[in-house]
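These figures come from a predicted structure and were not determined experimentally. Start at 1 with the first residue, then count along the sequence. Every heavy atom of this structure was used, including side-chain atoms; hydrogens, water molecules and symmetry mates were not.
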Amino acid sequence: MKSDAVRKGMQQAPHRSLFHALGMTEEEMEKPLVGIVSSYNEIVPGHMNLDKIVEAVKLGVAMAGGTPVVFPAIAVCDGIAMGHVGMKYSLVTRDLIADSTECMALAHQFDALVMVPNCDKNVPGLLMAAARVNVPTVFVSGGPMLAGHVKGKKRSLSSMFEAVGAYAAGTMTEEEVTEFENKVCPTCGSCSGMYTANSMNCLTEVLGMGLQGNGTIPAVYSDRIKLAKHAGMKVMEMYEKNIRPRDIMTREAFLNALTVDMALGCSTNSMLHLPAIAHEAGVELDMELVNEMSGRTPNLCHLAPAGPTYIEDLNEAGGVYAVMNELSKKNLLHLDCMTVTGKTVGENIKGCVNKNPEIIRPIDNPYSQTGGIAVLKGNLAPDTAVVKRSAVAPEMLAHEGPARVFDCEEDAIAAIKGGKIKEGDVVVIRYEGPKGGPGMREMLNPTSAIAGMGLGSSVALITDGRFSGASRGASIGHVSPEAAVGGPIALVEEGDIISIDINKNALNVLVSDEELAERRKKWQPRTPQVTTGYLARYASLVTSGNRGAVLEVPKQS
């Protein structure tokens with residue numbers, strides 16, 4: 001056992017004395033030591049129930065012959081952090097989570113791990129840690145929130161942000177906003193649409209790191225407790241078979257994840273997280289692959305914010321495995337990939353039927369023949385930019401309009417809510433990238449304000465920052481290179497005509513190469529917005545959005 005390094009032999013007698021101090025019995029010290037990484041806290045609605053999940057995992061591990069030991073991981077609520085300096089601290093926690101979990105797992109020599117995340121950065125952060133530590137590991141999340149109900153319609157957090165925009169436009173009263181406020185988030189769990197948290201939890205099933213239902217069983221269902229017990233049992237089976245994360249998270253597994261991402265219409269944040277997780281697993285995931293995968297993968301689901309259905313509906317329709325089974329009918333998946341079940345993808349999804357063709361479109365009747373996400377390139381994004389195509393109004397798939405340029409999110413929101421943005425405009429928010437922010441803030445406030453003010457089908461938004469999975473409309477993010485390193489987005493001027501053609505994967509500013517060269521001669525790097533603390537260190541190490549915003553140690557000269 002790996003844990004023999006801290007529990008066996010005379011040299012480890014001091015170590016054992018500390019286990020005795022924990023109240024651990026001799027019998028417990030003879031069994032595999034299983035770390036349970038708990039993301040529980042009392043500020044994130046998706047994490048307030050994780051204490052129950054952790055207790056169920058502990059029971060499962062103990063039932064299967066292991067010794068469970070809990071240690072923590074931090075978590076930020078993106079909704080609460082949205083629209084202020086707090087959002088600079090959201091993406092950056094992904095690496096803190098990965099680093100701290102690596103430290104705890106290796107310092108204490110755990111034989112296996114069960115990861116208990118739920119919301120946005122915890123899932124990818126813990127997947128990154130799993131790939132690094134590479135001991136048998138199973139994921140079980142806290143589950144999605146149930147949708148709210150307002151005036152007879154299902155609603156979610158994105159509805160709440162758009163209600164604020166509608167209030168600013170004068171189309172909703174304060175009393176109506178208050179009703180939304182009290183009803184759109186009715187239970188614990190990760191917010192109820194196909195936002196980033198639920199996108200990544202669904203993809204744990206596809207990657208093979210989570211059991212069936214991990215992405216879709218609602219947080220308040222008792223089946224979620226049963227799932228957690230089974231996760232605890234399953235990690236012991238993985239330990240016995242010595243099945244490790246890098247045996248599961250292969251290149252083919254990541255190609256499966258990209259394929260199902262397209263079919264589900266996941267958050268564009270998955271285009272940051274999948275490359276970062278792959279990087280830790282020793283797999284290079286080039287963003288150029290995305291359009292290739294999208295070109296051959298039909299979009300089968302229109303979950304909120306792209307449509308009126310929610311994760312609870314996907315669960316009832318058969319869940320992620322049913323979607324995968326539909327895709328397998330056209331040989332779109334690698335079915336021989338190993339998973340935490342000890343079986344292959346093909347074995348797992350066999351017989352998982354689509355129970356509701358209105359929620360999961362059959363493979364022969366998709367919403368579109370192409371996937372939910374597109375990668376754009378052009379003189380405005382020489383590396384790449386990303387858009388959730390499935391959430392864009394058809395009339396905005398091709399658009400030209402004048403640039404309205406802002407150097408931070410706050411200035412853009414003030415202009416939108418102040419009525420200064422008109423139909424046809426292209427809002428450009430720059431210096432919000434990984435380095436420039438720093439932290440690559442999500443732009444849910446401006447996209448929701450645009451939608452709430454009735455401009456969602458006539459105004460585009462382009463940024464070197466990123467978007468919440470709750471954003472909809474022509475929201476193009478991750479523009480790389482970012483403004484802070486002199487990317488072309490830094491050279492755009494007020495009134496420049498910007499051309500967007502999502503079907504042709506093109507993003508350009510209609511300015512000559514000569515003019516852009518002249519502007520570049522005059523461009524000066526912006527003064528760093530943060531010069532102390534963790535954000536400053538992060539800014540010095542982080543790479544571009546097209547590389548997953550991974551941290552890279554500077555090369556020694």
Side-chain angles (χ1 to χ4, degrees), residues 144 192-195 198-218 223 227 248 250 252-268 270-271 274 289-341 343-374 388-391 469:
S192 55
M194 188 55 81
Y195 310 150
N198 292 326
S199 295
M200 296 308 301
N201 279 321
C202 286
L203 293 180
T204 62
E205 292 188 50
V206 186
L207 283 169
M209 293 298 294
L211 299 176
Q212 182 180 7
N214 186 51
T216 60
I217 297 172
D223 277 351
L227 184 74
I248 294 170
T250 61
E252 290 73 23
F254 283 103
L255 294 179
N256 283 347
L258 281 175
T259 299
V260 179
D261 189 313
M262 298 302 162
L264 286 172
C266 290
S267 164
T268 51
S270 62
M271 296 298 103
L274 286 174
L289 278 171
V290 173
N291 288 336
E292 177 187 333
M293 307 298 289
S294 182
R296 66 185 182 90
T297 307
N299 179 225
L300 304 182
C301 299
H302 265 194
L303 299 155
T309 54
Y310 295 83
I311 301 298
E312 63 193 69
D313 302 311
L314 177 61
N315 187 64
E316 295 301 318
V320 175
Y321 276 20
V323 175
M324 294 174 73
N325 197 33
E326 286 290 342
L327 294 170
S328 71
K329 293 174 183 177
K330 290 200 172 179
N331 299 315
L332 294 173
L333 296 175
H334 297 273
L335 298 180
D336 56 352
C337 293
M338 180 51 62
T339 72
V340 293
T341 66
K343 299 177 181 178
T344 65
V345 167
E347 291 172 316
N348 285 343
I349 66 174
K350 186 177 181 180
C352 295
V353 299
N354 180 357
K355 300 175 183 177
N356 189 337
E358 297 301 314
I359 305 300
I360 304 170
R361 287 282 186 92
I363 193 75
D364 293 321
N365 182 34
Y367 282 101
S368 67
Q369 293 295 337
T370 53
I373 290 177
K388 187 171 184 175
R389 175 166 43 199
S390 59

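The shortest non-hydrogen separation linking E316 to K355 is O-CD, 3.7 Å. Nearest heavy atoms, S390 versus G265: OG-CA, 4.0 Å. In this structure, I359 and A317 approach most closely via the heavy-atom pair CB-CB, 3.9 Å. Between L303 and Y310, the closest heavy-atom pair is CD2-O, 3.4 Å. Residues L203 and A257 share a closest heavy-atom pair of CD2-O, 3.6 Å. Annotation for N198 and G193: closest pair ND2-O, 2.8 Å, computed over non-hydrogen atoms.
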So L314 and V323, side-chain contact (heavy atoms from CB on, under 4.5 Å) or not? Walk me through it. CA-CA 9 Å; L314 177 61; V323 175; 4.1 Å; yes
Could you check V290 against M262 for side-chain contact (heavy atoms from CB on, under 4.5 Å), going step by step and ending with a plain yes or no? CA-CA 9 Å; V290 173; M262 298 302 162; 3.3 Å; yes
Stepwise side-chain contact (heavy atoms from CB on, under 4.5 Å) test for V340 and L211: CA-CA 7 Å; V340 293; L211 299 176; 3.9 Å; yes
Pair L300-L327, side-chain contact (heavy atoms from CB on, under 4.5 Å): steps then yes or no: CA-CA 9 Å; L300 304 182; L327 294 170; 4.2 Å; yes
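Contact of the L227 side chain with the N214 side chain is registered, since non-hydrogen atoms from C-beta on lie closer than 4.5 Å. At least one side-chain heavy atom of L255 sits less than 4.5 Å from a side-chain heavy atom of M293. Under the 4.5 Å side-chain criterion, counting only non-hydrogen atoms from C-beta, S267 is not in contact with M194. At a threshold of 4.5 Å between non-hydrogen side-chain atoms, the residues L332 and P298 count as touching. Residues M271 and L258 form a side-chain contact, since some pair of their non-hydrogen atoms from C-beta on lies under 4.5 Å apart. Within the 4.5 Å cutoff, no side-chain heavy atoms of L335 are placed close to those of T344. Looking at heavy atoms from C-beta onward, T250 lies in side-chain contact with C337 at the 4.5 angstrom threshold. Counting heavy atoms from C-beta on, the side chains of S192 and I311 never come closer than 4.5 Å.
With no hydrogens or angles considered, a side-chain donor-acceptor pair links R389 and S294 at under 3.5 Å.
N348 CG to Y321 OH: the interatomic distance, rounded to the nearest 0.5 Å, is 3.5 Å. Considering CD of E358 and NE2 of H302, their distance stands at 13.0 Å, rounded to 0.5 Å. Rounded to the nearest 0.5 Å, atoms OG (S368) and CG (N299) are 4.5 Å apart. Distance check, rounded to the nearest 0.5 Å: CG of N291 to CZ of R296 gives 13.0 Å.
Few gaps surround NZ on K329; more than 12 heavy atoms of other groups in view lie less than 6.0 Å from it. Within a 6.0 Å sphere centred on NZ of K330, other residues, nucleotides and ligands contribute more than 12 heavy atoms.
Of the residues listed (D313, N315, N201), the one engaging T216 in a side chain to side chain donor-acceptor pair (under 3.5 Å) is N315, and it is the only one.
With hydrogens and angles ignored, the 3.5 Å screen pairs no side-chain donor or acceptor of Q212 with any backbone N or O of E205.
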